[in-house]
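So the structure is just underneath, and the comments pick up after that.
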Amino acid sequence: MAESKENVLMEKIVSLCKRRGFIYQSSEIYGGINGFWDYGPLGAELKRNVKELWWNTMTRQRDDVVGLEATIIMSPQIWKASGHVDTFSDPMIDCKTCKGRFRADQTHEIPCPQKPSKMVSECHGEKTPPRAFNLMFQTYVGPVQDDSAIAYLRPETAQAIFAQFKNVLETSRQKVPFGIAQVGKAFRNEVTPRNFTFRSREFEQMELEFFIKPDEVVEAIAGRVASTAEIGNRKSEIGNPDWGWEAWHKYWVEQRIAFYEGIGLPRTTLVEYWQKPEELAHYARACVDILFTFPFGTQELEGIAARSDFDLSQHERFSGKPMGVFEEELRTAWNQLPKEKQDALWRRYYENRKKYLVKMGVAEETAARDATEDANGLAKGQYIPHVIEPSAGVDRLILALIANAYSEDQMPDEKGKPETRVVLKFHPRVAPIKVAVLPLLKNKPELVKKAQAVRDQLRPWMNVFYDDAGAIGRRYRRQDEAGTPFCITIDFDTLGEKPELQDTVTMRHRDDGKQERLAIGELLNWLLPKIR
RNA sequence: GCGGGCGUAGUUCAAUGGUAGAACGGAAGCCUUCCAAGCUUCACACGUGGGUUCGAUUCCCAUCGCCCGCUCCA
């Protein structure tokens, strides 16, 4: 089989990941298990760095986002409300004649691959009966394994945020607009895990649910809803009272792209894809995918969806607990609005609520009654928040970072002969090892002792790697493959061979091999801004 | 799940119906005054399970895994 250039590159990456301890196959000694991957020592550091950067950016550096860490197994009711129990499964039919596979509900609209004049449902190919498979992993809670004990491993982290929305609202002293962030494992029994870790059955997500006022409420309070064109010109002003869902959506798209650029993915490798109306999930008003150009294609890293008030509404209906918020500000503003304005906003809110309820199968009459009740709430300062959801896959991002960092270049060896060098050009912020400390020679105890002292001085602040084995060049190359941005070498000048250079070291840069001389005392101040 | 291809040290590759070699890498030691240097020593593999056979890494079957297509998503 002729192998494509992309495929060769992926194989090199997979091989490097194993060789250097970034990623191993799960359960490898037992032959592996499809769709599961483990992170080795360097991978674990890389992943931790990425998650901490996300967490820091999304919560600690902001006033308006707080964190949550929920369980993986939750009440199965959650997945009924979210729709995952019913819609997270696609009945499929295989055709034994033409080897095609089709969604059972679409056979009447897909042309037969062999006889395009006929639809799949009417061609003569021998077909299997429809087989439904739910993509959620099932388990049982408690010792008795009957239907009443069925529970699911969460297929996304988002639902826990919705389920705990009221608790967080009441205990965090936040008010809308604000967000709840969560990082954690999710599980999907994918039909076909593929492309290394890109589509795994166990994976990790970094999700933010950012709760905002519905546009009707924004308009009631601020008098207007800002157009997205205006937002583009005032990016620095975060969260003006007149921001509607479109402004917030656009804002988060910008924020997320900036995040990716900040950890070393160049803008040129990223694609911002606005989903077309017909591609949107039923609950979404808009969705932007941030794609990365992997060796195997341009694929999704993150989706930023404007999910309306769908999720909170679903949980309100299924749990019977109110999910709305009350704001004095809205009540006051509402009562000062002219009657015709009140009526117009009331009508819009009513129509949206009713549309949602009818779509979810609520009888017309009941829907009208409930929507009326909801719209009447506006005058009392009550509404159900809408949500903007930036949802990113950690493992995909790790793979993107590795693929982006992978490069081969020519570097002269000891004798000046050019040799191919494999180097992972990680941004220092995500690099698993920030700095390697190397005594020039191992068999000179003074060098070793000094190097260990430098290591110990830096260790509390960053991940430091000490290595004294073999020639210095070999150690540099090893660090290149690990993606270590900086190497510190302790030599005889450090010890004072040239008195003016005493207590200085060589700082060697990964990407170009250039070196500079730095005083030991200034190392920390030199390094810290680069790795944070 | 369906169809096609592929499974030999950590990696990349050899060879063979009579139980396997290399290179690089790894470990230990010597040496080494800045980019995979040199010398010595060591460890490590036929994915798993059946079958055929006197004997299977080699042939057959199954299974697991990887890659490519269909399909799906973070």
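Reminder, nothing fancy here: chain letters follow the sequence lines and each chain counts from 1. All values below were derived from every heavy atom in this structure, side-chain atoms included, with hydrogens, water molecules and symmetry-related copies excluded. In this text, all values refer to a predicted model and were calculated from it rather than measured experimentally.
- Remark: Arg474(A) engages no residue in a salt bridge (Lys or Arg N to Asp or Glu O under 4.0 Å) (not counting sequence neighbours).
- The distance between atom CH2 of Trp37(A) and atom C1' of G65(B), rounded to the nearest whole Å, is 9 Å.
- Relative to the six-membered ring of Phe137(A), Arg201(A) misses at least one condition, a distance below 6.0 Å or an angle of at most 45° to the axis.
- The interatomic distance linking Glu11(A) (CD) with G5(B) (P) rounds to 17 Å, in whole Å.
- Counting only heavy atoms from C-beta on, Arg477(A) has its side chain closest to A36(B) among C72(B), U71(B), A36(B).
- Residues that satisfy the salt bridge (Lys or Arg N to Asp or Glu O under 4.0 Å) test with Arg256(A), not counting sequence neighbours, are Glu302(A).
- Looking at residues two or more places apart in sequence or on another chain, you find a side-chain contact (heavy atoms from CB on, under 4.5 Å) between Ile73(A) and Thr139(A), Val141(A), Ala151(A), Leu153(A).
- Arg199(A) has its CZ atom 11 Å from the P atom of C68(B), to the nearest Å.
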For nucleotides 27-34 of chain B, read 5' to 3', which letter fits each nucleotide if B means a protein heavy atom sits under 4.0 Å from the base, S means only the sugar-phosphate is that close, and - means neither? S-S-SBBB
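- Spacing between G51(B) and U57(B) at atom C1', rounded to whole Å, works out to 16 Å.
- Between C68(B) and G10(B), the distance separating the two C1' atoms is 26 Å to the nearest Å.
- Separating the CD atom in Glu209(A) from the CD1 atom in Ile180(A) is a distance of 8.5 Å, to the nearest 0.5 Å.
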Audit row: Phe165(A), Phe211(A), ring-ring contact (aromatic ring centres under 6.0 Å, His included) steps and yes/no: CA-CA 9 Å; Phe165(A) 170 70; Phe211(A) 300 94; 4.4 Å; yes
One character per nucleotide, please: for nucleotides 39-51 of chain B, 5' to 3', B when the base has a protein heavy atom closer than 4.0 Å, S when only the sugar-phosphate does, - otherwise. -------------
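- U53(B) sits 10 Å from C59(B) when the C1' atoms are compared, rounded to a whole Å.
- Listed by chain and number, the residues in a side chain to side chain donor-acceptor pair (under 3.5 Å) with Tyr466(A) are Asp468(A) (sequence neighbours excluded).
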Show every donor-acceptor pair shorter than 3.5 Å between a side-chain atom in residues 509-522 of chain A and any protein atom, with sequence neighbours excluded, or say none if there are none.
residue, atom, partner, partner atom, Å
His509(A), NE2, Glu516(A), OE2, 2.7
Arg510(A), NH1, Leu424(A), O, 3.2
Arg510(A), NH1, Phe426(A), O, 3.0
Arg510(A), NH1, Gly483(A), O, 2.7
Arg510(A), NH2, Phe426(A), O, 2.7
Asp512(A), OD1, Lys514(A), N, 3.0
Arg517(A), NE, Thr504(A), OG1, 2.7
Arg517(A), NH1, Asp491(A), OD2, 2.9
Arg517(A), NH1, Thr506(A), OG1, 3.1
Arg517(A), NH2, Asp491(A), OD1, 2.9
Arg517(A), NH2, Thr504(A), O, 3.0
Arg517(A), NH2, Thr504(A), OG1, 3.3
Glu522(A), OE2, Ala519(A), N, 3.1

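- For C68(B), the OP1/OP2 oxygens have a side-chain nitrogen or oxygen of Asn195(A) closer than 4.0 Å.
- Residue Glu419(A) contributes atom CD, which lies 10 Å from atom C1' of A37(B) at whole-angstrom precision.
- Contact annotation for Ser27(A): no contact, since no heavy-atom pair falls under 4.0 Å across all strands.
- None of Val288(A), Asp289(A), Ile304(A) except one satisfies the side chain to side chain contact (heavy atoms under 4.5 Å, CB included) rule with Trp274(A); the exception is Val288(A).
- Listed pair Asn34(A) / C66(B) meets the phosphate criterion, a side-chain N or O lying under 4.0 Å from OP1 or OP2.
- By the side chain to side chain donor-acceptor pair (under 3.5 Å) test, Arg62(A) pairs with Asp64(A), Tyr251(A), sequence neighbours left out.
- The distance from atom CZ of Arg201(A) to atom P of G65(B) is 8 Å, rounded to the nearest whole Å.
- Between C44(B) and C24(B), the two C1' atoms lie 14 Å apart (nearest whole Å).
- Within the nucleic acid shown, Leu16(A) has no heavy atom closer than 4.0 Å to any nucleic acid atom.
- Residue contacts for Gln410(A): at a heavy-atom cut-off of 4.0 Å it reaches no nucleic acid atom on any strand shown.
- The gap from the C1' atom of U8(B) to that of A45(B) amounts to 6 Å, rounded to the nearest Å.
- Between the P atoms of C46(B) and U58(B), the separation comes to 12 Å (whole Å).
- For Gln479(A) against A36(B), a side-chain-to-base donor-acceptor contact under 3.5 Å is absent.
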Could you provide the dot-bracket string of RNA chain B, using ( ) for intrastrand pairs, [ ] for crossing pairs and | for bases paired to another strand, with Watson-Crick or G-U pairs below 3.5 Å? (((((((..((((....[..)))).(((((.......)))))....(((((..]....))))))))))))....
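- Using C1' as the reference atom, A22(B) and A9(B) are 11 Å apart when rounded to the nearest Å.
- Note on Ile33(A): only backbone sugar-phosphate atoms sit closer than 4.0 angstrom, heavy atoms only; bases stay farther off.
- Minimum atom distance to the side chain of Arg474(A) is reached by G25(B), of the listed C35(B), C72(B), G25(B).
- Residue-level contact check: Glu300(A) touches the backbone only, with heavy atoms under 4.0 Å from sugar-phosphate atoms and none from bases.
- Taking for each of Phe203(A) and Val14(A) the nucleotide of RNA chain B with the nearest heavy atom, the 5'-most of the two is the partner of Val14(A).
- Contacts of Asp309(A) classified as side chain to side chain donor-acceptor pair (under 3.5 Å), with partners at least two apart in sequence or in another chain: Arg353(A).
- Each of Arg508(A), Lys425(A), Arg475(A), Arg20(A) was checked for a salt bridge (Lys or Arg N to Asp or Glu O under 4.0 Å) with Asp480(A), and the lone residue meeting it is Arg508(A).
- Judged by closest nucleotide on RNA chain B, Val422(A) is the one of Phe296(A) and Val422(A) placed further toward the 5' end.
- Partners of Tyr24(A) according to the side chain to side chain donor-acceptor pair (under 3.5 Å) rule, which considers only residues two or more places apart in sequence or in another chain, do not exist here.
- Remark: Phe198(A) engages Phe294(A), Phe296(A) in a ring pair (Phe, Tyr, Trp, His ring centres under 6.0 Å) (not counting sequence neighbours).
- Between C70(B), C73(B), A36(B), one nucleotide has an atom nearer to the side chain of Gln299(A) than all others, and that is C73(B).
- For the P atom pair drawn from U71(B) and C60(B), the interatomic distance equals 33 Å after rounding to whole Å.
- The side chain of Arg19(A) lies closest to U11(B) when the candidates are A74(B), C68(B), U11(B).
- The base of G10(B) does not come close enough to the side chain of Ser15(A) for any donor and acceptor atom to sit less than 3.5 Å apart.
- When the C1' atom of C66(B) is taken as reference, atom CZ of Arg194(A) falls 10 Å away, rounded to whole Å.
- The nearest whole Å value for the distance from the NE2 atom in His84(A) to the C1' atom in A74(B) is 11 Å.
- In this structure, Arg20(A) reaches the bases: a heavy-atom distance under 4.0 Å links it to at least one base atom across the strands shown.
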